[in-house]
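Below is one structure, written out as structure tokens, with a few remarks after it.
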Amino acid sequence: MKRPYVAACIALFMALGFCACAPAPASPGAAKNGTAMEVNGTPVHADEFRYCVSQVRATVMDTASKKGWVVDDTDPVRDSRAGELLVDQAAARCVDGVVRRQGAVALTFIDDASFESLVERWKADKAARHASSQAGEVLYGPVEKTLEQYEFQEMADAASEQEKADAAALTGDPGALDALTRARPEAAEGLDMAVPEDRTIAAQILAREMFESTHDRAVDDAEVTMNESWLSGLTISDLVGS
């Protein structure tokens, strides 16, 4: 009998189409507490939004340059094409980050999806790596990671845990694995599905695809609320910190 969890994953993975949710009304008091937006009811405060801006700024400015847009940092963000693009891409980055952290909470990999908690974990990791370095212990990667590096590693580790569990479930359910490889033959390209080792590889590939598909759906289905009262009073320089 097909395991309920695997069956649910297959149904989710094989279904097509995405749901784009309309923005909900901003919650009361959003402007007072410096909330830039909300994702599934989780507030994204100004510091997190600016963190996301810092990650997309170079790409946005490169696009503005290629399109010949005049960028004046004193322009209100909602009155500038570059400002609009900066807000849109930063918001998308914030949604991705919040959804990933919410997923990690669901996996019990972390216990708090807030940006503040991410920063605290990063600071704790930084202190621990400095202590290990001073003790002469071998460290992989830089002694001091940037917040972006730490976030990327944390979310990659969370994804890996989920993918390992999904791959193991598929490997233990031959019918489910065969059904998925029939639906996604490219996942087994170059593999001999009669060989156990190759079946394990196919399960790992499919588990990665299942994770990415599930995440993409969660991003598309996220309820996103932009706090226009906060954004409307900002210039481009207010966002990028120039």
Side-chain angles (χ1 to χ4, degrees), residues 33-63 85-168 204-205 207-219 222 224 234 236-242:
N33 65 10
T35 300
M37 60 188 292
E38 292 181 1
V39 182
N40 295 329
T42 297
V44 173
H45 297 292
D47 56 348
E48 180 176 1
F49 195 81
R50 289 191 174 96
Y51 166 69
C52 293
V53 166
S54 72
Q55 294 178 54
V56 303
R57 179 186 181 186
T59 300
V60 170
M61 294 309 168
D62 182 60
T63 297
L85 186 59
L86 194 64
V87 168
D88 289 347
Q89 291 199 6
R93 172 62 182 84
C94 286
V95 171
D96 183 83
V98 171
V99 169
R100 287 186 186 278
R101 294 197 299 273
Q102 289 174 340
V105 168
L107 292 171
T108 66
F109 189 82
I110 60 175
D111 57 12
D112 189 335
S114 71
F115 181 70
E116 292 78 10
S117 179
L118 168 66
V119 172
E120 288 304 312
R121 291 193 299 275
W122 167 58
K123 290 179 178 178
D125 178 77
K126 183 163 56 174
R129 291 180 69 82
H130 270 292
S132 295
S133 176
Q134 292 174 354
E137 298 176 13
V138 176
L139 293 175
Y140 296 97
V143 173
E144 185 172 317
K145 298 177 184 177
T146 65
L147 176 57
E148 186 175 0
Q149 289 172 330
Y150 177 79
E151 179 190 23
F152 178 84
Q153 187 62 59
E154 182 177 76
M155 293 300 98
D157 290 345
S160 179
E161 288 298 309
Q162 182 64 61
E163 290 164 21
K164 287 177 184 177
D166 290 344
Q204 292 169 343
I205 293 171
R208 159 58 68 172
E209 293 184 356
M210 288 164 61
F211 178 85
E212 292 177 347
S213 176
T214 301
H215 172 71
D216 289 346
R217 284 180 179 278
V219 168
V224 179
L234 300 178
I236 293 175
S237 64
D238 290 330
L239 278 185
V240 301
S242 60

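What's counted below: heavy atoms across the whole structure, side chains too, no hydrogens, waters or symmetry copies. Numbers here simply count residues along the sequence, with the first being 1.
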Subject >> Beyond-backbone contact of Arg57 with Leu239, side-chain heavy atoms, under 4.5 angstrom >> reply: no
Original post:
For the side chain of Trp122 and the backbone of Glu148, is there at least one donor-acceptor N/O pair under 3.5 Å apart?
Top reply: no
Subject >> Asp157 side chain reached by Glu161 side chain, heavy atoms, under 4.5 Å >> reply: no
Original post:
Closest approach of Ala90 and Cys52, non-hydrogen atoms and distance?
Top reply: O-CB, 3.5 Å
**OP:** Of all the heavy-atom pairs spanning Ala222 and Val99, show the shortest one and how long it is.
**Re:** CB-CG2, 4.3 Å
**OP:** Could you check if a side-chain atom of Ile110 sits within less than 4.5 angstrom of a side-chain atom of Leu118, using non-hydrogen atoms only?
**Re:** no
Subject >> Gln89-Thr59 side chain donor-acceptor pair, cut-off 3.5 Å >> reply: no
Subject >> For the student: nearest non-hydrogen atoms of Thr146 and Gln149, plus distance >> reply: N-OE1, 2.8 Å
**OP:** Carefully, step by step, assess Glu144 and His130 under the rule side chain to side chain contact (heavy atoms under 4.5 Å, CB included).
**Re:** CA-CA 7 Å; Glu144 185 172 317; His130 270 292; 2.9 Å; yes
Subject >> Pairwise side-chain contact, Val60 with Val53, heavy-atom cut-off 4.5 Å (strictly under) >> reply: no
**OP:** Please round to the nearest 0.5 Å and tell me the distance separating atom CD of Glu38 and atom NE2 of His45.
**Re:** 9.0 Å
Original post:
How long is the gap from CD on Gln102 to OG on Ser114, to the nearest 0.5 Å?
Top reply: 10.5 Å
Subject >> Polar side-chain atom of Thr214 near backbone of Met210 as donor-acceptor pair, under 3.5 Å >> reply: yes
**OP:** Please say whether more than 12 non-hydrogen atoms of neighbouring residues, nucleotides or ligands are located less than 6.0 Å from CG in Asp111.
**Re:** no
Subject >> Side chain to side chain, Asp112 and Val105, heavy atoms closer than 4.5 Å >> reply: no
**OP:** In plain terms, say whether Glu154 and Arg101 are close enough for a salt bridge, that is, a side-chain N and a carboxylate O under 4.0 Å apart.
**Re:** no
Subject >> Salt-bridge contact Asp125-Arg121 (side-chain N to carboxylate O under 4.0 Å) >> reply: no
Original post:
Once you round to the nearest 0.5 Å, how far does CG of Leu139 lie from NZ of Lys145?
Top reply: 9.0 Å
Original post:
If you take all heavy atoms of Arg129 and Gly141, which pair is closest and at what distance?
Top reply: NH2-O, 3.5 Å
**OP:** Taking the side chain as every heavy atom from C-beta outward, state whether Val39 and Val44 have any pair of such atoms under 4.5 Å apart.
**Re:** yes
Original post:
What's the spacing between Tyr140 OH and Gln153 CD if we round to 0.5 Å?
Top reply: 13.0 Å
**OP:** Determine whether Arg100 and His215 make a side-chain contact, defined as any pair of heavy atoms from C-beta on separated by less than 4.5 Å.
**Re:** yes
Original post:
For the residue pair Glu48 and Phe115, what are the closest heavy atoms and their distance?
Top reply: OE1-CB, 3.1 Å
**OP:** Heavy atoms only: give me the nearest Asp166-Ala207 pair and the separation to one decimal.
**Re:** CB-CB, 3.8 Å
